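The structure under discussion appears below in the form of structure tokens.
This one's a predicted model, so the numbers in the text were calculated from it and none came from an experiment. Every chain is numbered from 1 and lettered A, B, ... according to where its sequence line falls, protein lines coming before strand lines.
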2 protein chains.
Amino acid sequence: MYRIGELADLCEVKADTLRFYEKHGLLTPSSRTDSGYRVYTETDAARLRFILRAKAVGFTLNEISELLSIDLDKSNWVCADVKGMVDVKLAQVQAKIAELNHFQASLQSLSDACCGGPRSAEHCSILEALESSTDSVRTEHDHELHLHPFQEPTDHFNDLGKAAHEKSGN
Amino acid sequence: MYRIGELADLCEVKADTLRFYEKHGLLTPSSRTDSGYRVYTETDAARLRFILRAKAVGFTLNEISELLSIDLDKSNWVCADVKGMVDVKLAQVQAKIAELNHFQASLQSLSDACCGGPRSAEHCSILEALESSTDSVRTEHDHELHLHPFQEPTDHFNDLGKAAHEKSGN
DNA sequence: ATAAACCTTGGAGCCCACTCCAAGGTCAAG
DNA sequence: CTTGACCTTGGAGTGGGCTCCAAGGTTTAT
Ligand SMILES: [Zn+2]
Ligand SMILES: [Zn+2]
Ligand SMILES: [Zn+2]
Ligand SMILES: [Zn+2]
């Protein structure tokens, strides 16, 4: 038997969260004290742990509601039903990962092209890339050129060397 | 000069979205007709494209507001500022990817352990894993045993063959 | 002249999972 | 008997990005 704060501490959740789960039908305490305090049994605690484990693998609370009702009525469901839910979620997660991998690659190429230094953002290749319609990103390879405008012919060599370091835009 | 629907079609966005961006200070049309219709210039269109490109690399609209104000006032910002925003976003995206990779691995091991067949969910290893406190997942390797309770000794061979296909739980 | 296709506004609703608040009741220790 | 830690409720707020609605005004084609 736990009061709300005890169960919350036990499962490293806030009491507010337990009230929220109750409001949404996921976890109703088995009883109340005379004064109205929620009283959770060990069974309630097990149900909370189920919820938290399902959350830890990426299910939403709505999906967890479904899983809970299946769990309480197993004989009317088959493995295909349960595995179906997992596989749908898996596909969603994989789709999201793919999207974020796109973001990650784009951000990395923007970051790589920018010197990150104290020079004016007027020359910043990140802003330039966001302004322009092309997908390629210019690398900021012209620092010394700006700082030393009167270069010797050997700077052509520098330019070529730097150019070789540049990432090609996609 | 575009009316709202024209710009929306041009950039494959809904007119509602453009009004939403305006309400949130991201994109205000340069003028209005006498009858109150929004009129967008080519500059406005460029700004919208900036917004859409920033969205495509994962920035939120609030972050895009910041980027836009930097872009309009470049001389008062430096590369470090811009690259900083990109790198913060990059770290956020990478953290989210890491979380989703966890989800993905957990879901995959749940899925792998379940037969996905038409048998009662009473034997489902997915539900069992969500109920139990251990992190390992039992593989459902006992189908034929249940369906054909009177087996010949050769079924031991079947069991071993199946066991070799099983993924080990984590 | 009239219909169709456009445009205007303010505001509500949605998904998701909390999180916080105010105003009060309860309970154990000192 | 007071203090402080706990508990109760309903409801509002957060961030994010739209999306839809109603009730009207405008433009264009026929
Ligand atoms: Zn720079
Ligand atoms: Zn830069
Ligand atoms: Zn099965
Ligand atoms: Zn199963």
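- For K23(B), whose side chain is taken as the heavy atoms from C-beta onward, the closest listed nucleotide among dT8(D), dT8(C), dA12(C) is dA12(C).
- Closest to the side chain of S35(A), from the set dT26(D), dT26(C), dT9(D), is dT26(C).
- K74(A) and E131(B) are joined by a salt bridge, as a carboxylate oxygen and a charged side-chain nitrogen come within less than 4.0 angstrom of each other.
- For K14(B) and L61(B), each mapped to the nucleotide of DNA chain D holding its nearest heavy atom, the one lying further toward the 5' end belongs to L61(B).
- When heavy atoms are screened at a 4.0 angstrom cut-off, R3(A) is found touching the sugar-phosphate backbone but no base atom.
- The pair K96(B)-E99(B) meets the salt-bridge criterion, since a charged nitrogen lies less than 4.0 angstrom from a carboxylate oxygen.
- With hydrogens and angles ignored, a donor-acceptor pair closer than 3.5 Å exists between the side chain of Y37(B) and the base of dG25(D).
- Contact check, Y21(A) against dC18(C): a side-chain N or O comes under 4.0 Å of OP1 or OP2.
- Residues Y37(B) and V13(B) do not share a hydrophobic cluster, clusters being chains of Ile/Leu/Val/Met/Phe/Trp/Tyr side chains in contact below 4.5 Å.
- Formation of a donor-acceptor pair under 3.5 Å by the S106(B) side chain with backbone atoms of H102(B) is found in this model.
- Close to dG16(D), at under 4.0 Å from its OP1 or OP2, lies a side-chain N or O of N62(B).
- Across all strands shown, R38(A) has heavy atoms under 4.0 Å from sugar-phosphate atoms exclusively, and none from any base.
- Between R19(A) and the phosphate of dT8(D), there is a side-chain N or O to OP1/OP2 separation shorter than 4.0 Å.
- Residue R32(A) places at least one side-chain N or O under 4.0 Å from the OP1 or OP2 atom of dT9(D).
- The F20(B) side chain lies nearest to dT19(D) when the options are dC7(C), dC7(D), dT19(D).
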